[in-house]
Undergrad: 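Here it is: the structure, laid out below.
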Amino acid sequence: MAVQSTELILDELKKLLGEERATSNDTVRDLHGRDESYHAVRPADIVVFPETTDEVSAIVKTAAKHKVPIVPFGLGSSLEGHVIPYNGGITIDFSLMNKILEIREDDFLVRVQPGVTRTQLNKELKKRGLFFSVDPGADATLGGMAATNASGTTTVKYGVMRDQVRDLEVVLADGSVIHTGSLAAKSASGLHLNGLFVGSEGTLGCFTELTLRVYGIPEQIAAARASFPTIDDAVTAVVSIQQAGVPISRVELVDEPSMQQVNRHAGTDYPVKPTLFLEFSGNVAGLRQDIEFTKEIVSDLGCDNLEFEMDQEGMNRLWEARHHLAYSYIHSNPGRKMMVTDVCVPISELAGAVHHARETVDRMGLIGGITGHVGDGNFHIILMIDMNNPEEVKKSEQLNEAIVSYALDRNGTCTGEHGVGVGKLKYQAREHGAALAVMETIKRALDPDHLMNPGKLFSPSKEDA
């Protein structure tokens with residue numbers, strides 16, 4: 001925005017929110033011009049910190065009046081540039097809208113503001129014997145998780161973020177407020193607006209309240225680590241476990257180079273082989289039966305090292321190795337930037353996709369390891385890139401192209417959980433075909449001036465080009 005326009009809009013917002021909650025401070029602007037991705041930084045023009053839905057509505061109306069963009073911001077933990085305000089405008093930071101508004105224990109529902117984090121919610125739910133299931137690894141805000149349809153390690157049992165959302169309160173591009181659902185467990189009435197808005201990445205509106213499904217804490221939990229001669233054996237084991245009806249809670253695949261990285265970082269001596277990290281939950285009797293059944297399945301498929309952990313300390317130690325994998329790569333490669341690929345394929349195609357990914361990384365001479373939510377076909381390459389080396393940056397982009405192409409050729413998707421943002425924009429037409437035009441029609445209907453997080457999920461309109 002022009003300096004004069006910025007000052008005019010900032011004055012209006014300060015009258016609305018006060019001097020402290022509307023700012024163009026350089027440090028604050030810079031913090032809101034980046035996320036956890038490798039994408040270029042672009043400082044925000046103005047940053048505001050609302051506390052209520054009415055304030056969000058008023059902010060959006062101000063933006064609509066001046067025809068300036070709106071970018072919703074949670075914690076900035078996104079991985080595809082979702083919150084970077086490349087077109088400038090007003091960034092709405094939801095950190096002050098962080099209240100747990102209602103816990104409906106009998107309905108297994110909670111109502112929260114968008115700035116509530118996953119850890120914050122689970123800390124409160126634990127007092128009631130409940131928990132929220134989606135675990136993307138990062139302690140992201142629930143609003144941000146809904147915006148990107150986050151998932152993670154527990155998807156194999158509980159589903160993705162879209163499966164947990166019962167209702168959303170949304171401020172639309174004109175400042176009006178709607179609800180997308182109800183408290184009912186099911187409905188045959190109207191279009192499924194929850195499904196439309198979850199995963200919309202701030203391009204259709206701003207979430208100001210979320211009603212989410214929660215679950216009872218299992219009576220007993222067990223974790224396991226199983227190593228296999230080949231990735232094919234590991235993937236086959238997972239398919240066999242699922243076919244046998246074992247209600248596995250988490251199942252993560254880590255390849256050999258990443259197991260080496262785990263051992264270096266955590267001081268462990270795990271076998272350097274394709275490894276599954278698993279978690280089971282349920283009542284004591286049922287869990288014992290699931291464990292014995294799993295032992296039989298993996299032993300028939302060449303598992304040469306299987307260890308179970310039943311106590312909390314042991315389970316924490318085992319899962320820390322998986323959860324801290326990305327950070328171990330970062331710490332071991334100072335001066336390099338982490339780039340994480342993200343595709344999802346049918347499970348029957350997963351072993352081939354991982355082989356292809358590993359061969360491509362090695363052929364290009366890049367530093368990286370592979371990990372994946374093998375129970376749902378979603379996997380990642382953790383790449384450490386020297387951003388000052390143009391050739392290496394180009395290779396990383398070529399690698400990403402190759403991984404995405406492999407997935408799309410097998411009727412997979414360019415992103416299993418990280419979202420589109422700006423990083424996956426160029427694949428939307430190939431993945432969705434004629435359906436993309438339907439999505440763009442919905443975008444134009446709800447946001448005719450293309451002000452809601454422009455340039456993310458949808459390519460900029462001709463008018464904005």
Side-chain angles (χ1 to χ4, degrees), residues 31-44 69-94 114 134 136-138 140-152 160-162 196-207 326 337-344 378 380-383 385 387 393 396-397 399-401 403-404 407-408 412-432 436 439-440 442-443 447 450-461 464-465:
L31 288 172
H32 291 81
R34 63 183 71 234
D35 61 6
E36 294 291 330
S37 74
Y38 60 95
H39 296 293
V41 173
R42 196 285 188 188
I70 286 286
V71 179
F73 188 99
L75 280 176
S77 59
S78 53
L79 293 169
E80 288 293 357
H82 300 84
V83 298
I84 302 176
Y86 288 117
N87 291 341
I90 303 168
T91 289
I92 303 180
D93 184 312
F94 285 96
V134 181
T141 63
L142 295 168
M145 288 168 63
T148 55
N149 191 28
S151 53
V160 299
M161 194 70 184
R162 184 172 278 123
L196 175 65
F197 279 90
V198 175
S200 61
E201 302 184 8
T203 63
L204 302 182
C206 297
F207 303 157
K337 185 76 173 177
M338 182 177 70
M339 171 183 171
V340 185
T341 70
D342 168 47
V343 296
C344 191
N378 187 195
H380 313 290
I381 307 174
I382 301 171
L383 290 171
I385 306 299
M387 300 302 290
V393 172
S396 69
E397 293 170 349
L399 171 67
N400 193 40
E401 292 267 358
I403 301 306
V404 170
L408 294 181
T413 177
C414 70
T415 171
E417 59 186 6
H418 293 169
V420 174
V422 294
K424 297 291 177 71
L425 262 179
K426 57 186 174 182
Y427 306 118
Q428 295 303 285
R430 178 177 172 186
E431 177 167 341
H432 299 291
L436 181 59
M439 300 179 200
E440 291 171 338
I442 294 170
K443 166 69 171 174
D447 183 18
H450 204 71
L451 299 179
M452 304 302 293
N453 209 7
K456 319 296 171 51
L457 189 59
F458 301 99
S459 295
S461 64
D464 295 319

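All values below were derived from every heavy atom in this structure, side-chain atoms included, with hydrogens, water molecules and symmetry-related copies excluded.
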Undergrad: Report the residues that fulfil side chain to side chain donor-acceptor pair (under 3.5 Å) with K426, sequence neighbours left out, ordered by chain and then residue number.
TA: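 Here the qualifying residues are E401.
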Undergrad: For the pair N149 (side chain) and R162 (backbone), establish whether a donor and an acceptor sit closer than 3.5 Å, ignoring hydrogens and angles.
TA: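 Side chain of N149 to backbone of R162: a pair is present.
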Undergrad: Distance from N453 atom CG to I92 atom CD1, nearest 0.5 Å?
TA: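 Atom-to-atom, N453:CG and I92:CD1 are 10.5 Å apart.
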Undergrad: Can you name the nearest heavy-atom pair linking S77 to A138, along with the distance?
TA: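 Answer, listing the atom of S77 first, then A138: CB-CB, 4.3 Å.
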Undergrad: Could you check whether any side-chain N or O of K424 sits under 3.5 Å from a backbone N or O of C414, counting only pairs where one atom can act as donor and the other as acceptor?
TA: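 Answer holds: yes.
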Undergrad: Quick one: does any side-chain atom of E201 pair with a main-chain N or O of G419 as donor and acceptor, under 3.5 Å?
TA: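 No; judged by distance alone, with no hydrogens or angles, the pair does not exist.
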Undergrad: Evaluate the side-chain proximity of Q428 to F458: yes if any heavy-atom separation is below 4.5 Å, no if none is.
TA: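 The answer is no; the side chains never approach within 4.5 Å.
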Undergrad: Can you sort out the partners of L79 under side-chain contact (heavy atoms from CB on, under 4.5 Å), two or more places apart, ordered by chain and number?
TA: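 Partners of L79 by the side-chain contact (heavy atoms from CB on, under 4.5 Å) criterion, ordered by chain and then number, come out as E36, H418.
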Undergrad: Rounded to the nearest 0.5 Å, how far does OG of S78 lie from NE2 of H39?
TA: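 H39 NE2 to S78 OG: 9.0 Å, rounded to 0.5 Å.
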Undergrad: Taking all heavy atoms of Y38 and all of E80, pick out the closest pair and write down the distance.
TA: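 Shortest heavy-atom contact: OH-OE1, 4.4 Å.
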Undergrad: What distance do D93 atom CG and L75 atom CG have between them, rounded to the nearest 0.5 Å?
TA: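 Between atom CG of D93 and atom CG of L75 there are 8.0 Å.
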Undergrad: Given L457, which of L425, V420, V422 fulfils the side-chain contact (heavy atoms from CB on, under 4.5 Å) condition?
TA: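 Answer after filtering L425, V420, V422: V420.
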Undergrad: Ignoring hydrogens, what is the shortest heavy-atom contact between T141 and G74? Give both atom names and the distance.
TA: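 The answer is OG1-CA, 3.7 Å.
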Undergrad: Within the structure provided, determine whether V83 and H32 are in side-chain contact (heavy-atom separation under 4.5 Å).
TA: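 The answer is no; the side chains never approach within 4.5 Å.
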Undergrad: Side-chain contact, heavy-atom cut-off 4.5 Å: F73 with P85?
TA: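 Side chain of F73 against side chain of P85, heavy atoms only: no contact under 4.5 Å found.
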Undergrad: Considering non-hydrogen atoms only, spot the tightest contact between N378 and V343 and give its length.
TA: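 Scanning both residues completely, I find the closest heavy atoms to be ND2-O, 2.8 Å.
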Undergrad: Let me confirm one number: the OG1-CG distance from T415 to D342, rounded to the nearest 0.5 Å.
TA: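 Output value for this atom pair is 4.0 Å.
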Undergrad: So how far is it from E397 CD to M339 CE, rounded to the nearest 0.5 Å?
TA: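 Answer rounded to 0.5 Å: 7.0 Å.
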Undergrad: Are K443 and T203 close enough that some pair of their side-chain heavy atoms sits under 4.5 Å apart?
TA: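 Yes. Closest side-chain heavy atoms under 4.5 Å.
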Undergrad: What pair of heavy atoms forms the shortest contact from G33 to I84, and how long is it?
TA: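 Heavy atoms of G33 and I84 come nearest at O-CG2, 3.5 Å.
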Undergrad: Any side-chain heavy atom of H380 sitting closer than 4.5 Å to one from E417?
TA: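 Yes, side chains in contact.
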Undergrad: Heavy-atom distance under 4.5 Å between the side chains of F207 and P72, does that happen here?
TA: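 When only atoms from C-beta onward are counted, P72 and F207 do not touch, as no gap falls below 4.5 Å.
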Undergrad: Hey, what do you get for CG (L399) to CD1 (I381), rounding to the nearest 0.5 Å?
TA: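 If I round to the nearest 0.5 Å, the distance is 4.5 Å.
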Undergrad: Nearest heavy-atom pair of L204 and M452: which atoms, and what distance?
TA: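 That closest heavy-atom pairing would be N-CB, 4.3 Å.
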